Structure formats: C-alpha cells, structure tokens
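Below is one structure, written out as structure tokens; the observations come after it.
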2 protein chains.
Amino acid sequence: MSDVLPEDLLTAQARIALFIHRTPLFQSDTLNKALGHSVIFKAENLQKIGAFKLRGAMNTLLALKEEGTLGRSVCAFSSGNHAQAVAYAARELGVKATIFIPKQASAVKIAATRACGADVVVTESRQIAEASVAELISKGATFVHPYDNPYVIAGQGTACLEALQDGVEADAVFAPCGGGGLMSGTWLATRLARPQAKVYACEPKMANDAHRSVQAGEIVRLSETPMTIADGVRTLAVSSRTLSYLQRLDGFYEVEEDEIVYWSQWLSHLLKLVIEPTCAMSMAGVVRWLQTQTERKTVLVILSGGNISAETHQAIWALDRLSLLPSLIE
Amino acid sequence: MSDVLPEDLLTAQARIALFIHRTPLFQSDTLNKALGHSVIFKAENLQKIGAFKLRGAMNTLLALKEEGTLGRSVCAFSSGNHAQAVAYAARELGVKATIFIPKQASAVKIAATRACGADVVVTESRQIAEASVAELISKGATFVHPYDNPYVIAGQGTACLEALQDGVEADAVFAPCGGGGLMSGTWLATRLARPQAKVYACEPKMANDAHRSVQAGEIVRLSETPMTIADGVRTLAVSSRTLSYLQRLDGFYEVEEDEIVYWSQWLSHLLKLVIEPTCAMSMAGVVRWLQTQTERKTVLVILSGGNISAETHQAIWALDRLSLLPSLIE
C-alpha cells in the first residue's frame, strides 16, 4: 500500500470497528444561532485514549498482522497522543510496545502511555528519540510513524467518514494540520462520501509549515519546535506523502494564538466537552470561511482530541475570554 | 401537590420529555480499573442550559399551565443555573420571565440568561433580590423557587430515573446537596426504580448545613454565603420539605475543598467532559464509600452541570493535581 485511495478507508473502518468507539456528533444551538449557520462537531475527544490517533495506530497494526508482517514488538516516538495510541493498539494485539517520549512531555501523558502497558523511554531530546527508534528498527521492531504511513492516513480518515455516514450534510470540513495525517485522511473521506464538500486545514500562524509547504510546492521544515498552545500540531514538517494530499485541499487558515485560546474557552463553554486547543483552533478558520458565504452552510469540525495538561488548562484560562460572544462580525 | 410521591416522577418525566435532552451515560475504563468498581456518570452537564435545573423549572411551568394557574409572567432569583432554567422554560411556554441575579454572578451567566429572552435584573444583594421578587409576586407573577417546590423536586428526580431506566444497576447513587431539590428527587427516583440502591449526598465541609440539619433534626441556616468552589451548593439552608427527604438518605459525605479540586481535574481528564466542581465533589464521597465495600459495586453519579466561569477554571487548574492517580488507597 504505497498510495492511499478513498476506498481504503472502508477497509480501515471495517478493520478497526471492534477496537474503537464510533464517537458522537455534537452541536450548540447557541453557536448556530450566533453564526447563522450549522456547525457540527465530531467528538474524537471521546475516542478511546482521548484522541483520533487510535484509529491510525489500530489500522496499521491490524493491517500488518493481516499481512503477516507484524513482529513481536513495535516502537514509536511521540510527545502526544500517538504515544498512547500505539501503546494501546499494541496491547490489544498482544505485542510489546516501546515508546520514546521527549522529557518535555507532560507527566500525565507519560503515565497514560505506561498505563497502556508500554515500555516508556523518556529521552533528552527528539533527536535522541529518533536515533533510539532507528536502533530498535534494526533489531526487528515495527516502527509506526505518526503520519507518514498509508495505514495511519486511512485510519485517521475514518473519523470524518463516520460523521458523513451519520448524515452530516457538510458543505465544508475543517480539521487541524500537524504532520498532515488527519488532513489527508479527511480529504480522502470526503472524496468517498461527500465529494462536493470543501476541505480546509487550520494551522497556528507560528507553526505554518504545512501551508508554506503547499505554497512552495515542496516541504518547508521548521528549524525548531514551535511553542504554539496547539501542542498537537507542533510537528516540524509534513511528509511527501501527506503533502501530496494537502495540495488537493481547498485551502489553509493560519490562526493566531489568541484566537486558539478564545475558541478553546468558547467550545468548552458551549459544548461542555474538554477539547484540546489544537482542535478548537479550527473554529477560527470556520468563522473566516463563513464570513465569505452568502447562504446558510453546514460545517463539519473534527474535534481531534481532549488530552490537556494542567499547564495548558492554566494557559487557556489565564484571561477571561467568555465575555466576548462569538459572532461573524469582527 | 403538597408532598411528592415517587410516582409523580413518571408524570414529570412524560410532561417534560419533549423539552429536554435524555442525557447519555459515561464511564471511564481507567477509573473503573483504578478503583476496582464501576462508576457510571449521568451527564446532565450535556442537558439544555448545561444543567439538570431545566428539568425542575420545565416541570413546574408545564404543571401550572395544565392546572390553569400559570400567569403571564414568572420570576425567580438565582446566581446560577436555576436562572437560565426558568428563563429557558418561560420562553418555551411563551411567558415573560424576570430573573433577579445578584451582582456577584459571572457575566457569562447573566448573558446566557438574557440570551434565553428573560428580563435580567442585577441586584446589589440577595436580600434585595428576594424583596424584588416579593413585589412581583404581589402583582401576580408566578414565582419558581429553586428547590422548595414539589414540581421542581419531581423534575430534578427524572435525571436519576432516566439513568436507572437506562439499565444502571446501581448499588449506590451519589449527588451534590445544595437546597436539597436534586437529592430529594434522586431519593424518590430510587424508591421508584431501584429501591435497594443506597442514596448519598455530598456537601462541601465549609457549606455543610444540610448534613447538620439532618443531624439536628431541624433546619440549620448558614449565616453567610460559603465561598466553596462548588458554587452550585452555596445555598444558605434547606427547606422543611427537602429536609423531610434528606432525613431518609443513607448518609452524607462532607468534602474538603482540595478534594473538590482534585476530582474536578480528574473527571475532566478521564471523561473529557466539562463538569462543575459541584458535581465532581461527589467522587470524594464515592471513594470513601467504596473503601468500606468488600464486593465489586456499581455506583451512579449524577453530574449535575457544566457551567463554569473562567475564574473557576483558573481556581480548578491553579495547581497540577493530575500527577497523583485516583485509587482507593489514601
């Protein structure tokens, strides 16, 4: 499987169905009234491990098992949800997982990954994590890349696919872009189930490598980890594979940090869901897109996850942004 | 309707069904594994207006309408969820609502009550609010008391009733106690649908008037509003009516402020739901009760609401409590 086809998402969906939650859809009457449009949220924060990442990891390990190429151990590096996803998927299939996590990661994420039964190695830096992974691969471990992997992309796309199957008549779909796995899968899902829907990626302005890569027609790599509050999309660069899908999107929205905080507070308040700043970010793009529309639209937003450290909660709530109601008027 | 009978909850349930959400149940595998028991959460934070309070307000106005005693205007005083509940219910029935809110209430709650179409009068104090309400009543407005009202009690009880109807085989039910409306209704619901279940109330230690009232056999009134972080239960006193039900409970748990903060963080983390400290508080009681149990138990927790001001979010997350995992060992 070198390239991913829309149909591969159906295979992925059937493969992972028994291992994941079919997550519910949410909407807020207050928000819809304020905007004059319908915004429907796919709650992947309620997915097992608290994020959509389990879909890709589960699909990858199950596919390799079917192919007979899944070894007795897997490895990954991640400071975020991919770590728990691979650990959880490995435990489900009875294989050993070794996860390298840079020491900057929050204690609660390290504990959660260990709670899934993985060996967690805390490393000084991402470079050391990558070198350690290379050594394990040379000894026969199966490496699960967080996004540059066709099975991961197909798995991530099943979140959007479910929402479309569940009847969301989306005119546009919005999701956050880090390495591009979720965006690639989301684009594929719309081609399969709702080709008329536009697909937009949202990215922090201070971590806009994906947008710049699409503009440049080649991978633009950040020189250091951008400290955006949207910690799910601090990736340094997309891959050739994900870039090929990102180039087919209808557009990118670059979002300011204070917009991310604003929507983190408001979505928490309106939906009563704990969602990461990474996915709250999408609402800034949604509002800008809706401002250009003349008819009532339906928008699907993929809420990618809900794993937030106490430190990030503090940053989100440092200032009260709930006094300024959402609207389409800036 | 002077006293409330368990059967009155079925009437209330049928009456309000089309106006409220039948809220979902949640549980956390991680929590259940850590405790060695099953804890099931009724998510009234996902109720319309973000709290169970709509049930009681809706039941009251609908019942009065059936009786032909609902005037053309209603009034209430509240700094919390009851304000929005009465405003919302009045709008549904096309009657005017005047809600008196003390100025200490958060701007977002005032805005939300206004957004339901109510006239909101911000008063200098609770005393002034009470006097203003008395004047309106003398002019013919219908007053909706937040808890000392049989229809309110029956309405609030439908939250627990739904959970029991949905198959929760509860050995014990836990809910927070302010004025006692939710607790009275919850006790009635168990008599109707699961009489073998124990029912426990949880109260902040610094606002323990209900527990002391039960111990004294008469209403103990706090001299001033207790500034517990559980702002949903800052009520000064229960009523004779609610006390008569509270006396039939299986017990009270008095909870420290730092326990409320601890469980606010952990339930947010485990369930990915935004829940008020008022209902997170119940978990401290649950853990203490489970420590006395020798067999595996199923506990139902009523998550009463999810309306949190930015200020309260700041207070919840001021210190990181996520490093200490929940367990039954203290």
Side-chain angles (χ1 to χ4, degrees), chain A residues 21 23-24 26 28-31 33-34 43-51 84 88 106-112 114-116 261-262 264-276 279 303 305-326, chain B residues 21 23-24 26 28-31 33-34 43-51 84 88 106-112 114-116 261-262 264-276 279 303 305-326:
Chain A
H21 291 315
T23 53
F26 282 77
S28 160
D29 289 348
T30 304
L31 181 65
K33 196 180 289 181
E44 282 294 296
N45 59 322
L46 300 178
Q47 187 53 266
K48 291 177 185 177
I49 74 131
Q84 280 183 72
Y88 186 100
S106 70
V108 68
K109 288 205 173 171
I110 293 172
R114 286 213 170 101
C116 291
V261 168
Y262 177 85
S264 295
Q265 291 196 9
W266 270 101
L267 288 192
S268 158
H269 180 65
L270 292 167
L271 300 175
K272 308 305 179 198
L273 295 176
V274 174
I275 57 158
E276 299 176 4
C279 47
L303 294 180
N307 293 323
I308 308 185
S309 67
E311 190 185 355
T312 301
H313 276 292
Q314 288 163 13
I316 292 171
W317 294 101
L319 296 171
D320 185 352
R321 302 297 306 275
L322 292 179
S323 51
L324 186 66
L325 294 164
Chain B
H21 291 315
T23 53
F26 282 78
S28 158
D29 288 348
T30 303
L31 181 64
K33 195 180 289 180
E44 281 296 294
N45 60 322
L46 300 179
Q47 186 53 265
K48 290 176 187 180
I49 74 130
Q84 278 181 72
Y88 186 100
S106 69
V108 68
K109 287 203 174 172
I110 294 172
R114 287 215 170 100
C116 292
V261 169
Y262 176 84
S264 295
Q265 291 197 9
W266 270 101
L267 289 192
S268 158
H269 181 65
L270 292 167
L271 300 176
K272 309 304 180 197
L273 295 176
V274 174
I275 57 161
E276 297 176 4
C279 47
L303 293 181
N307 293 324
I308 310 184
S309 68
E311 190 184 356
T312 301
H313 275 293
Q314 287 163 12
I316 292 170
W317 293 102
L319 295 171
D320 185 353
R321 304 295 308 275
L322 293 179
S323 51
L324 186 66
L325 295 165

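Note that the structure is a prediction, hence the values are computed from the model and not measured. Lettering of chains follows the sequences in order, A, B, ..., and the numbering in each one begins at 1.
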Option that, when pairs with chain B are counted at under 4.5 Å, heavy atom only, ranks first among A/Asp320, A/Leu270, A/Leu273: A/Leu273
Say you draw a straight line from [atom1] of [X] to [atom2] of [Y]; how long is it, rounded to the nearest 0.5 Å?
X	Y	atom1	atom2	value
A/Leu303	A/Cys279	CG	SG	5.0 Å
A/Ser28	A/Lys33	OG	NZ	10.0 Å
A/Phe26	A/Ile275	CZ	CD1	11.0 Å

Residue [X] versus chain A: region with a heavy atom under 4.5 Å:
X	result
B/Ser268	both
B/Asp29	neither
B/Leu319	backbone
B/Ile316	neither
B/Lys48	neither
B/Ala43	neither

Any side-chain to backbone donor/acceptor pair from B/Lys272 onto A/Gly306? Under 3.5 Å, distance only. yes
Max heavy-atom pairs within cutoff under 4.5 Å with chain A, candidates B/Leu325, B/Asn307, B/Ile308, goes to B/Asn307
What part of A/Ala112 gets closer than 4.5 Å to chain B, counting heavy atoms only: side chain, backbone, both or neither? neither
Taking the side chain as everything from C-beta on, heavy atoms only, tell me whether B/Ser264 gets closer than 4.5 Å to B/Trp317. no
Less than 3.5 Å apart, any donor N or O on the side chain of B/Thr23 or B/Glu44 sitting next to an acceptor on the other? yes
Could you tell me how the ring of A/His269 sits relative to the ring of A/Trp266: parallel (under 30°), tilted (30 to 60°) or perpendicular (over 60°)? perpendicular
